[in-house]
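Worksheet for the structure shown next.
Labels below follow one simple rule: chain letters A, B, ... track the order of the sequence lines, proteins then strands, and each chain is numbered from 1. These figures come from a predicted structure and were not determined experimentally.
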Amino acid sequence: MNKQSAATLASAPPATEKELLARAEQLIGCSFQQLADIAGVAVPSSMRHAKGWAGQLLELFLGASAGSRAEQDFPEIGVELKTIPVNLQAMPLETTYVCIAPLTGLTGVSWEQSNVRNKLSKVLWIPIDGRREVPIGERSVGLPLLWQPSPTQEQMLKQDWEEITEAIVLGQVESITARTGMALQLRPKAANSKALTSAIGPHGELIQTLPRGYYLKKQFTQQILAEGLGLELPQSQK
DNA sequence: CTGTGATCATTA
DNA sequence: TAATGATCACAG
């Protein structure tokens, strides 16, 4: 079968949301093998040593420009790109990394000014086939969804962020686990478990601890994707 | 080391 | 088997 693809590498960032969506729509149904061929890169046999491969491949086609800067992927139009591995039921297979968590200098920082809120204020979700039993080259790209948090979702994120931030400020960072929070969680984000960064200790002193990052829990991401498909949960009452 | 892109793999 | 804690590659 000749799968016709209009996918092309982006030469510049999209100037508008509409242009970004148009590019994303050209990728629907494309396999990673096709995209890798166009991009001139090899398809890894496993993600084990190529964990960000799919995300960075899609950045090439969409024209993301921020590189490794702590910014949205498309600062010109205020959009963050997230690829999300899913199964055939469109259920997320992984949590979603949001950003690194500052562990010092947080006094006086509000949710409104937080990096988490900035990154999540508008997100282009692109589901990808994340099934490990399928060879990577055969996995394909799903339907893009441009999302902004609903008031309820933002409230949930804000509540979690405030709970976690308060613990960090109070020197309780080491007592925060991935179970803290309903939508947002704090987890290690480092090369390995020996990496260290500064944080506030239980008595207000500076301590060295494992760097952490903010992640979205699967259940929260699943809700976003389901609503994007128009699949609201059944209402028991109308 | 920090921050980007995340997924892996051991544990509960 | 799902979720938590650990890890991989690369740019700067």
Quiz item: Does the dG5(B) base have a donor-acceptor partner in the side chain of K189(A) within less than 3.5 Å?
Solution: yes

Quiz item: With sugar-phosphate meaning primed atoms plus P, OP1 and OP2, does Q72(A) contact a base, only sugar-phosphate, or nothing at under 4.0 Å between heavy atoms?
Solution: nothing

Practice problem: Just compare dA11(C), dG5(B), dG5(C) and give me whichever is closest to any side-chain atom of S68(A). | Solution: dA11(C)

Quiz prompt | Value in whole Å for how far the P atom of dT7(B) lies from CD of E133(A) | solution = 14 Å

Quiz item: Below 4.0 angstrom from OP1 or OP2 of dT7(C), is there any side-chain N or O of S193(A)?
Solution: yes

Practice problem: Look at all strands and tell whether A191(A) reaches a base, only sugar-phosphate, or nothing, counting heavy atoms closer than 4.0 Å. | Solution: base

Quiz item: Of the candidate nucleotides dT7(C), dT7(B), dG5(B), which contains the atom at the shortest distance from the side chain of K119(A)?
Solution: dG5(B)

Practice problem: Could you tell me whether E71(A) and K119(A) have a side-chain N and a carboxylate O separated by less than 4.0 Å? | Solution: no

Self-check item: Euclidean distance, I84(A) CD1 relative to Q222(A) CD, rounded to 0.5 Å
Solution: 10.0 Å

Quiz item: Under 4.0 Å between a Lys/Arg side-chain N and an Asp/Glu carboxylate O for E25(A) and R23(A)?
Solution: no

Exercise. Considering just the side-chain nitrogens and oxygens of H49(A), establish if one lies under 4.0 Å of OP1 or OP2 belonging to dA9(C).
Key: yes

Practice problem: Measure from NZ or CZ of R187(A) to the centre of the six-membered ring of Y215(A) and say whether it is under 6.0 Å with the direction within 45° of the ring axis. | Solution: yes

Quiz item: To the nearest angstrom, how far is E59(A) atom CD from dA11(C) atom P?
Solution: 13 Å

Exercise. Ignoring backbone atoms, test whether Q185(A) places a side-chain nitrogen or oxygen under 4.0 Å from the OP1 or OP2 oxygen of dT4(C).
Key: yes

Practice problem: Hey, could you give me the CG/CZ distance between L157(A) and R117(A), rounded to the nearest 0.5 Å? | Solution: 10.5 Å

Quiz item: Does Y215(A) get its side chain close enough to the base of dA3(C), under 3.5 Å, for a donor-acceptor pair?
Solution: no

Exercise. In whole angstrom, give the distance that lies between atom CD of Q56(A) and atom P of dG3(B).
Key: 17 Å

Quiz item: Checking all strands, does K82(A) fall into the base, sugar-phosphate, or nothing category for heavy-atom contacts under 4.0 angstrom?
Solution: sugar-phosphate

Quiz item: Considering heavy-atom distances to DNA chain B, does A190(A) or A101(A) have its closest nucleotide positioned more toward the 5' end?
Solution: A101(A)

Quiz prompt | salt bridge (Lys or Arg N to Asp or Glu O under 4.0 Å) between E163(A) and R179(A), intermediate numbers included | solution = CA-CA 12 Å; E163(A) 179 183 0; R179(A) 298 160 188 88; over 6 Å; no

Self-check item: Any side-chain donor near an acceptor of the partner, E227(A) and W147(A), under 3.5 Å
Solution: no

Quiz item: Looking at the side chain of D73(A), which of dT2(B), dG5(C), dT4(B) is the nearest nucleotide?
Solution: dT4(B)

Quiz item: Base, sugar-phosphate, or nothing for A54(A), non-hydrogen atoms under 4.0 angstrom?
Solution: nothing

Quiz item: How is L210(A) classified with respect to the nucleic acid when contacts are heavy atoms under 4.0 Å: base, sugar-phosphate, or nothing?
Solution: sugar-phosphate

Practice problem: Rounded to the nearest angstrom, tell me the gap between atom OH in Y97(A) and atom P in dT2(B). | Solution: 12 Å

Quiz item: Which part of the nucleic acid, if any, lies within contact of G52(A), taking any heavy atom under 4.0 Å across all strands shown: a base, the sugar-phosphate backbone alone, or nothing?
Solution: base

Quiz item: Tell me: CG of L57(A) to P of dA9(C), nearest whole Å?
Solution: 18 Å

Quiz item: Does the side chain of Q72(A) come within less than 4.5 Å of V79(A)'s, by heavy atoms?
Solution: no

Exercise. In whole angstrom, give the distance that lies between atom CD of Q89(A) and atom C1' of dA2(C).
Key: 16 Å

Exercise. Report the distance from atom CG of L93(A) to atom P of dT1(C), rounded to the nearest whole Å.
Key: 14 Å

Please list each protein N or O that sits under 3.5 Å from an N or O in nucleotides 9-12 of chain B, with the distance.
unit_1	atom_1	unit_2	atom_2	d
dA9(B)	OP1	R48(A)	NE	3.3

Exercise. Would you classify T96(A) as touching base, sugar-phosphate or nothing, given that sugar-phosphate means primed atoms plus P, OP1 and OP2, and contacts are heavy atoms under 4.0 Å?
Key: nothing

Quiz item: If only side-chain N and O atoms of T83(A) are considered, is one of them under 4.0 Å from the OP1 or OP2 phosphate oxygen of dA6(B)?
Solution: yes

Quiz item: Quick one: is dT2(B) close enough that its OP1 or OP2 comes under 4.0 Å of any side-chain N or O from T197(A)?
Solution: yes

Self-check item: Most 5' of I128(A) and C99(A) on DNA chain B, judged by nearest nucleotide
Solution: C99(A)

Practice problem: For T209(A) and R212(A), test the side chains for any donor-to-acceptor distance below 3.5 angstrom and give the result as yes or no. | Solution: yes

Exercise. Starting from C1' on dA6(B), measure out to NZ on K218(A) and report it in whole angstrom.
Key: 14 Å

Exercise. Would you mind telling me which residue lines up with the more 5' stretch of DNA chain C, N192(A) or K217(A), judged by nearest nucleotide?
Key: K217(A)

